[in-house]
Amino acid sequence: MAFFEVHNLSRSFGGLKAVSNVSFTVTKNTVKSIIGPNGAGKTTLFNLISGFLPPDEGSVTLETRQLEDLSPDKIAGHGVSRTFQNLKLFHGMTALENVMIGRHTHSRSGFLSGMLSLPWTWVEEKAIVKDSLEVMDFFGIAHLADSEATSLAYGQQRVVELARAMACKPDLLLLDEPAAGLNMKETAEMGKLICKIRDKGVTVLLVEHDMSLVMNISDEILVLSYGEKIAEDSPLAIQQDKEVIRVYLGEDDA
Amino acid sequence: MKRLRHLHIVYMALLIVGIQVVTSATDTAYFLTQLTMSAYYSLIIIGLSLVMGYAGQISIGHAGFFAIGGYLSAFLTTYNLLPYQETGIVAFLSNAGLLVFSQDIYGTDLLTVHPWCAFISAIILTTSIAYVIGRPVLKLKGHYLAMATLGFGIIIFRIVLGSSYFGEADGLSDVPGFPLIGGVEISGNMSARIVNYYIAWGLVIIGMVLLLNLVKSRVGRALRSIHGSEDAAKAMGVDAAKYKLHTFVLSAVFAAVAGVMLTHYNGGIGPSEASVMKSVRYVAIVAIGGMANLWGALIMGSVLNFLSLRGYFGSMDDAVFGSILIIIMLFAPQGILRKGILKDLRNKLTGNPEVKQS
């Protein structure tokens, strides 16, 4: 049985089939990329997997856990973490506090214990700070801990978001265009970080437009066009695939 | 940080004692009555500040929760059950010691629910109503949420105004004192004025400590994250709907506690406590104190309510709070009790484009 499996997933908006009968699997500890022209359904697919949209049909399975009917917060609790195409950092909070939210699913202090400030919550809070700083250190941003997250440089905000997602200690990490808006140097850095994440034992599912990044770090690539899967193979094979070249570059009329 | 927030509480306690000493020394102890009342109103306001500032929701219906608490407690502690003494449930409650015998000023024998029992019933009812209302209503956003809570407030207002059980336009009166330990009770007795002043502000201190702890805790952080980006909060495993609902219910409980206690202190409650203008007033005070600023809300809550209760605004009372709301929204949407307010105001008035909008 596959580590992560999407089976016959479909979702339409009115008459438009945004995602249609998409099935694929992801092997543990690999990076799989989803590419396709604009409007191919990549982000919709991510939203279906992470619970932000309910699917019309199909199933999503992480190891033995069925995810397709769960809400986003429950899915996060089951070990699936994600980032967003257009950064969604918490404004008015420091970078550290942003990352600390990532520890939410691994801590349990509630309204009552929080209001009474019970001693065990202090211990928990200390552990949250320590774990968060460790994750930030892993990404080389520990020195930014006390800066307000949304006032950081764009590239740094991307890394903070990555750290926040990793603070959840996910089994599967969904990255929605992590290199969007980054320059070439920053994109290369991002590629290194993603490899570092994979080496830590986290499986990565990536949506990305930057082909140099995708080809460099992916173990496998899935190509979507008009909501349907048209190819799924290794980076090298995808580069040779006639159908993929056709949807990206158009028909050869000559 | 922790030390700082407890230091503020100490300052607050010193100020409370200081005010009492000064009023005693200057023969102005009559101020304490309004200060006690504004303490109870402040309790609603700090609860609402949590909802508005930290959970990013709005409620124009909190006077409704105040009224539910106040009215239920007033009703239970004044409704004479003597004629039903022999019927099953009343007899059972009486045997369980939950009812008390007393006499009113005309010497009529009364059998009423014990204030503590009424208090607990009021809290349970408020909690249940807040859950039932909050679950569907908090799915709304922005002005839809405002309108839904406004509608709730109007319904409660109409119920207390129209029901003979709740005294219609007259409200309920002759509400007995609320006994605490050692013969001390929450009541409007002149002799107990100083004690009641300390009880009321003691409750506010307890409320403040609980809420300050909460906003610094894991839950407070989760609330701020929902405020920052609800989608991202959900993706991090924060059950946004649950947190918003619990915050809403918690603030409703604060309002109900204030309602019960103020009703026992005043010896009665009238429908104006449930009116929409009261809810608007609470929102205005939270806004002027600075949304996510419990201390600001507390200071503004006690000062403005005190001025209003002393009658400084005269017949312009509601107009004052309405104007405050408009002015705050226009010129200082983050409230006036915060750092950098003067600079922001100067920028606004001189048309400096560096004005930080948010």
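A note on names: the letters A, B, ... follow the listed sequences, proteins ahead of strands, and every chain is numbered from 1.
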Q. Can you say whether Glu161(A) sits under 4.5 Å from chain B via the side chain, the backbone, both, or neither, judging by heavy atoms?
A. neither
Q: Pick one of side chain, backbone, both or neither for Ala292(B), based on which atoms fall under 4.5 Å of a heavy atom in chain A.
A: neither
Q: Find the one option among Thr247(B), Asp231(B), Leu211(B), Val215(B) whose heavy-atom pairs under 4.5 Å with chain A are most numerous.
A: Asp231(B)
Q.
So that I can tick it off, tell me whether Arg224(B) and Glu97(A) are bridged by a salt bridge, with the cut-off set at under 4.0 angstrom between side-chain N and carboxylate O.
A. yes
**Q.** Toward chain B, the part of Arg164(A) with a non-hydrogen atom under 4.5 Å
**A.** both
Q. Should the pair His246(B) and Phe111(A) be assigned to parallel (<30°), tilted (30 to 60°) or perpendicular (>60°) ring geometry?
A. perpendicular
Q) Is chain B contacted by the side chain of Ser109(A), its backbone, both, or neither, given a heavy-atom distance below 4.5 Å? A) both
Q. If you look at every heavy atom in Phe90(A) and Ala232(B), which pair is closest and at what distance?
A. CE2-CB, 3.6 Å
Q | Minimum heavy-atom distance Ala76(A)-Ala235(B), with the two atoms named | A | CB-O, 3.3 Å
Q | Nearest-0.5 Å distance, CE of residue Met100(A) to OG of residue Ser225(B) | A | 12.0 Å
Q.
Tell me whether Tyr131(B) at atom OH has more than 12 heavy atoms from other residues, nucleotides or ligands lying less than 6.0 Å away.
A. yes
Q: Look at Glu230(B) together with Lys88(A) and state whether they make a salt bridge at an N to O cut-off of under 4.0 Å.
A: no
Q: Report the C-alpha separation of Ile128(A) and Arg221(B) in whole Å, then their side-chain angles, then the decisive distance to 0.1 Å, and conclude whether the side chain to side chain contact (heavy atoms under 4.5 Å, CB included) test is met.
A: CA-CA 12 Å; Ile128(A) 292 173; Arg221(B) 192 164 51 239; 3.5 Å; yes
**Q.** For the student: nearest non-hydrogen atoms of Ile101(A) and Val238(B), plus distance
**A.** CG2-CG2, 4.3 Å
**Q.** Side chain, backbone, both or neither of Thr121(A) within contact of chain B (heavy atoms, under 4.5 Å)
**A.** neither
Q. Which atom names give the shortest non-hydrogen contact between Met115(A) and Asn213(B), and what distance separates them?
A. O-ND2, 2.9 Å
Q) Are the charged groups of Asp239(B) and Lys74(A) less than 4.0 angstrom apart, N to O? A) yes
(Q) What I'd like to find out is whether the side chain of Ser217(B) reaches to under 4.5 Å of the side chain of Glu125(A), using heavy atoms alone. (A) no
(Q) side chain to side chain contact (heavy atoms under 4.5 Å, CB included), that's the test. Do Ser81(A) and Met236(B) meet it? Break it down for me. (A) CA-CA 7 Å; Ser81(A) 189; Met236(B) 293 299 108; 3.8 Å; yes
Q. At what distance, to the nearest 0.5 angstrom, does OG of Ser117(A) lie from NZ of Lys216(B)?
A. 12.0 Å
Q. Is a side-chain N or O of Arg218(B) found less than 3.5 angstrom from the main chain of Gly110(A), in a donor-acceptor match?
A. no
